[in-house]
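To start, the structure itself, in structure tokens.
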Amino acid sequence: DAMVIQNPRYQVTQFGKPVTLSCSQTLNHNVMYWYQQKSSQAPKLLFHYYDKDFNNEADTPDNFQSRRPNTSFCFLDIRSPGLGDAAMYLCATSRERDETQYFGPGTRLLVL
Amino acid sequence: KNEVEQSPQNLTAQEGEFITINCSYSVGISALHWLQQHPGGGIVSLFMLSSGKKKHGRLIATINIQEKHSSLHITASHPRDSAVYICAVSANTGNQFYFGTGTSLTVIP
């Protein structure tokens, strides 16, 4: 059974056109993470929520925003995608900080 | 300088070989994670360690907190073990996560 679900799996957007990526979880975990992974690079943490407490990494561009309307869902909003934002975006959850993270399959974003 | 360094970057092994991937880190940590990523993007968490050693099937992970070093071992390697293995740490200050750049493992039949 899928535990961390990401939609869509592939997303194509135009330069500058806002896009929203979705993540949902059936684990009832407190913590949800968004990572960006570019080709041949390690994942880079963008931000995470501990319950409703939002934690932004210092070098995450302002272009990236996130919403967590409830425990199960978390959204990544890219306000004005640039060509450099084309990447795989991974969502993960953990019951508490510093516990095992469970990853979704990722959404591959292409910016034209 | 990266907070997390992995070695080797690339590794090719014959099926059945014993494999070791190393991870060194420079920050104080509350936990270290070993992740496996197959082609196509799926990431699976293999281990989370804060001390000692853990074993799961053919995989063994060790950590030495004093030396700030961890190793991931694969015994009796198999072609299905071919993947990128990523070491990541949770820093014990500031809710920071740091990732290594990964080790790409190819196991040849």
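These numbers come from the heavy atoms of this one structure, side chains and all, not from hydrogens, waters or symmetry mates. In what follows, chains carry the letters A, B, and so on, assigned in the order in which the sequence lines appear, proteins first and then strands, with residues in each chain numbered from 1.
Of the atoms belonging to A/Tyr35, it is side-chain heavy atoms, and not backbone ones, that fall under 4.5 Å from chain B. Neither the backbone nor the side chain of B/Ile29 comes within contact range of chain A; no heavy atom of the residue lies under 4.5 Å from a heavy atom of that chain. Heavy atoms of A/Tyr33 lying under 4.5 Å from chain B belong exclusively to its side chain.
Taking hydrophobic clusters as Ile, Leu, Val, Met, Phe, Trp and Tyr residues chained together by side-chain heavy-atom distances below 4.5 Å, B/Ile60 does not share a cluster with B/Leu46. No continuous path of hydrophobic side-chain contacts links A/Phe54 to A/Leu90 [ILVMFWY only; heavy atoms under 4.5 Å]. Under the 4.5 Å side-chain contact rule for hydrophobic residues, A/Phe47 and A/Tyr89 share a cluster.
Interface summary for chain A: among B/Gly102, B/Ala88, B/Ser104, B/Ser90, the most heavy-atom pairs under 4.5 angstrom belong to B/Ser90.
Applying the 6.0 Å contact sphere to CD of A/Glu96 captures more than 12 heavy atoms from other residues, nucleotides or ligands. For CZ of A/Phe73, the number of neighbouring non-hydrogen atoms (other residues, nucleotides, ligands) closer than 6.0 Å is 12 at most. For A/Asn70, the CG atom sits in a packed shell: over 12 heavy atoms of surrounding residues, nucleotides or ligands are nearer than 6.0 Å. In the displayed structure, A/Tyr102 atom OH is contacted under 6.0 Å by at most 12 heavy atoms of other residues, nucleotides or ligands.
With values rounded to the nearest 0.5 angstrom, B/His33 atom NE2 is found 9.5 Å from A/Glu99 atom CD. The distance from atom CD of A/Gln37 to atom CD1 of B/Ile86, rounded to the nearest 0.5 Å, is 5.5 Å. With values rounded to the nearest 0.5 angstrom, B/Leu35 atom CG is found 5.0 Å from A/Phe103 atom CZ.
In this structure, A/Ala42 and B/Phe99 approach most closely via the heavy-atom pair CB-CB, 3.8 Å.
Two residues are said to be in side-chain contact when any heavy atoms from C-beta on lie closer than 4.5 Å; B/Met48 and A/Gln101 fail this criterion.
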Can you check side-chain contact (heavy atoms from CB on, under 4.5 Å) on B/Tyr98 and A/Leu45, steps first, answer last? CA-CA 8 Å; B/Tyr98 300 102; A/Leu45 182 65; over 6 Å; no
